[in-house]
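A short worksheet on the structure shown next.
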Protein chains: 2
Amino acid sequence: MGVTVKDVARVAGVSTATVSRALRGFESVDPAVRAHVLDVAQRLDYVGSPAAAALTTGKAGSVGLITPFVDRLGFQRMLAGIESEMRGSSMDLLLHCTGDPSEPHPVPPHKRLARRVDGFIVLSISADSRDLEQILRLGMPVSMFGSRGADTSSVRVDDRAGASRAIDHLVDLGHRRLGIIYGREAVDAGVLEHEMHVGVRDAAERARLTLDQDLIVAGDYTTSGGALAMEQLLAGDDPPTAVFAFSDEMAYGAMRTMREHGLVPGRDVDLIGYDGHPMSDVLDLSTIELPFEEIGSTLARNLLDELQAPTGAHRVVTLPTRLAVRGSTTGASAR
Amino acid sequence: MGVTVKDVARVAGVSTATVSRALRGFESVDPAVRAHVLDVAQRLDYVGSPAAAALTTGKAGSVGLITPFVDRLGFQRMLAGIESEMRGSSMDLLLHCTGDPSEPHPVPPHKRLARRVDGFIVLSISADSRDLEQILRLGMPVSMFGSRGADTSSVRVDDRAGASRAIDHLVDLGHRRLGIIYGREAVDAGVLEHEMHVGVRDAAERARLTLDQDLIVAGDYTTSGGALAMEQLLAGDDPPTAVFAFSDEMAYGAMRTMREHGLVPGRDVDLIGYDGHPMSDVLDLSTIELPFEEIGSTLARNLLDELQAPTGAHRVVTLPTRLAVRGSTTGASAR
DNA sequence: CGAGGGCGAGTAACCGTTTACCCACGACCA
DNA sequence: TGGTCGTGGGTAAACGGTTACTCGCCCTCG
């Protein structure tokens, strides 16, 4: 149903081999012939069949993006970064969401997906995930977010420093009684979250501060979880004067709880989040900003580079965070 | 580098034709033989080559998602809906972002993309876009968000009713002086936005209300645009007592401006948005909720159905909106 | 008991590109 | 002037499945 190399070859009066060579810009083709072929191809509105090309070359011409979630705020920003980087290349992007790892598929989807792509970008799957093992076992180039060591190229954020930064900020404002809303129980937590706990502890130690274990609660990375966590923090006898939430979304939930209690962030309780979503500016929430777009573009770049010129080397890039001070941390509530 | 039908055929002691038939579940294969072939395929860890299959059948086995933006809040929710619907099918999802239509690509990307997919899901591209024309001209199944008439299957939201609903709500609260923050100048606007203007006008007429043209300003669908728009509204001699923003994101920006002016939504000025993002709950913003996930899943379902059993029919689905009343519309500011 | 029919399975052509291999031709050197 | 080398370009064999066509066999019906 389409025009093929054969058609172009016939019209241009050359062989299909020459058409192919001309189209792919080989230097072994006479410039005049190449120009002619290009012209004919253009006139015939020829578009190559990726399937056929993939079949012969073994290169699929696309990369797979694997992510456990699609509805988290950071995702779309990483995706935007990935997208902008991929636009230049001629690669296509295949999206696959692992989602709930409940029902085991008859054929693990990665096997199927692997035949369609040349490499993977993997977004923060917890380190112990079986999914990740399977993907790595495929032996294809992988660019992942969140380091697992050096067994693959990865982009990570200096979460330890970022978390420390948040605590430092609160301490600088005079707070001594801090609440922490973290994401998940350590048992399912990936490396990333662990780093944040370490960063918090380090900063607390430096400030000669002991954290009250009752003020360290889980928020499940959701707004509702954050709301519940804040509820818990406020319910105690001696509530914190400042709270650090491990994600902006949890901080948003915490803000809702505060509002319901008639409390104003920055006046009654200081609150700082982690992620730096655009919304935090609107909500006047102080936060540690993560360079999501840059994470995405770096992930894509690493993979594309490796695909273009395979070296087998594993690049590990660590990107910095930035403290954004807004109205939710004023120190007014520090005793 | 992989195990092919030939290998399976050899090991199973049958021909490749039989392997293919068994794997695809044809009934013309003896059940015992089929079971045996399946077993061998499983044992050899056989995974078919999508490229080869695509080449012979002409079916790519994937659908393309085309969207002009990837960083708008509604996108990820539609994507989540699409994703969940696609998970059941064996189709893969190819993401393509048209982005800024500035630099014309040598080969329009859709031509290339079209050879990789069996159909398209197109997200709200403005109706006059050349991109859309090109996609339709391809003659492939298309499922689009935002109707353009009945020349393709589409899912739309009853934006006219939704916008009316917002105005009705404000009027019910006693407001007579309304501000409107719309998205873009009519010239680039798609059908969707036009519907909203009609809905606003209808509701105003029903309420025997004349809208002050000075209180109708553009916000470019961004928070910063919304902030600027609100600035403009507040700068006038006789500012509105209530404002309807055509998107939640613009409403968020408006809230920021209000905060900077020491104004509280729901007390000093009522504010209602449009979209129903989860964040609006946190911000206590009244809004018209759109069923984004359902939009996404319906888009996907329509396309998948058409691909599975081509009818050529164009389904047009209109989904309803829902008013969510929160603290930002109390009527307190209505004179 | 022979012919016809149906069913299961094999043969091989084909999908559209790519590329290893080979060839023809002109130039250059001896 | 003949041999050699280099270069542009054609031939054809893959790549891995799918499927139209064909065939043999057994069952059944006349």
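The side chain of B:Arg24 sits closest to D:dT19 out of D:dG16, C:dT17, D:dT19. In this structure, the nucleotide among D:dA12, C:dT17, D:dT18 sitting nearest to the side chain of B:Thr16 is D:dT18. Listed candidates were C:dG10, D:dT19, D:dG17. Nearest to the side chain of B:Ser15 is C:dG10. Distances were taken from every side-chain heavy atom of B:Ala52 (C-beta onward) to each of D:dG17, C:dG16, D:dG9; the shortest belongs to D:dG17. With C:dT18, D:dT18, C:dT19 as the candidates, the nucleotide lying closest to the side chain of A:Thr56 is C:dT18. Side-chain atoms of A:Val29 lie closest to D:dG9 of the nucleotides D:dG9, C:dG10, D:dT18. Set against D:dT19, C:dA9, C:dT18, the side chain of B:Asp30 has C:dA9 as its closest nucleotide. You'll find that the side chain of A:Ala17 is closest to D:dG10, out of D:dG17, C:dG16, D:dG10.
Nucleic acid contact class of B:Gly48 (heavy atoms, under 4.0 Å, all strands): sugar-phosphate only. At a threshold of 4.0 angstrom between heavy atoms, the contacts of B:Val19 with the nucleic acid are absent.
Distance CG (B:Leu23) to P (D:dT18): 8 Å, rounded to an integer number of Å. Per the geometry, OH belonging to B:Tyr46 stands 7 Å off C1' belonging to D:dG17, to the nearest Å. For A:Arg115 and D:dG17, the CZ to C1' distance is 11 Å, given to the nearest whole Å. Between B:Arg112 atom CZ and C:dT17 atom C1' there is a gap of 16 Å when expressed in whole angstrom units. The distance between atom CZ of A:Arg116 and atom P of D:dG17, rounded to the nearest whole Å, is 13 Å. Atom NZ of A:Lys6 and atom C1' of D:dT11 are 13 Å apart (whole Å). Between B:Glu27 atom CD and C:dG6 atom C1' the separation is 14 Å, expressed in whole Å. As rounded to whole Å, 14 Å separates atom P of D:dG8 from atom CZ of A:Phe26.
Judged purely by atom type and a 3.5 angstrom limit, B:Asp159 has no side-chain atom pairing as donor or acceptor with the backbone of B:Glu195.
In this structure, B:Phe75 CZ and B:Cys97 SG are separated by 7.0 Å, a value rounded to the nearest 0.5 Å. In this structure, the separation between CD1 on A:Ile135 and NZ on A:Lys111 is 11.5 Å, given to the nearest 0.5 Å.
Each of B:Leu55 and B:Gly13 was assigned the nucleotide of DNA chain C with the nearest heavy atom; the assignment lying further toward the 5' end belongs to B:Gly13.
Judged by atom type and distance alone, A:Arg21 reaches the base of D:dG10 through a side-chain donor-acceptor pair under 3.5 Å.
A sub-4.0 Å separation between OP1 or OP2 of C:dG10 and a side-chain N or O of B:Thr18 is present. Listed pair A:Ser20 / C:dT18 meets the phosphate criterion, a side-chain N or O lying under 4.0 Å from OP1 or OP2. Note on A:Arg34: every side-chain N or O is 4.0 Å or more away from OP1 and OP2 of D:dG8.
The pair B:Arg137-B:Glu133 fails the salt-bridge criterion, with no side-chain N (NZ, NE, NH1 or NH2) lying under 4.0 Å from an Asp/Glu carboxylate O. Using a 4.0 Å cut-off between charged side-chain N and carboxylate O, B:Arg34 and B:Asp30 make no salt bridge.
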### Query
Given the rule in the side chain to side chain donor-acceptor pair (under 3.5 Å) test, do A:Arg315 and A:Ser153 qualify, once you have shown the distances and angles that lead to the verdict?
CA-CA 5 Å; A:Arg315 308 185 218 182; A:Ser153 281; 5.3 Å; no
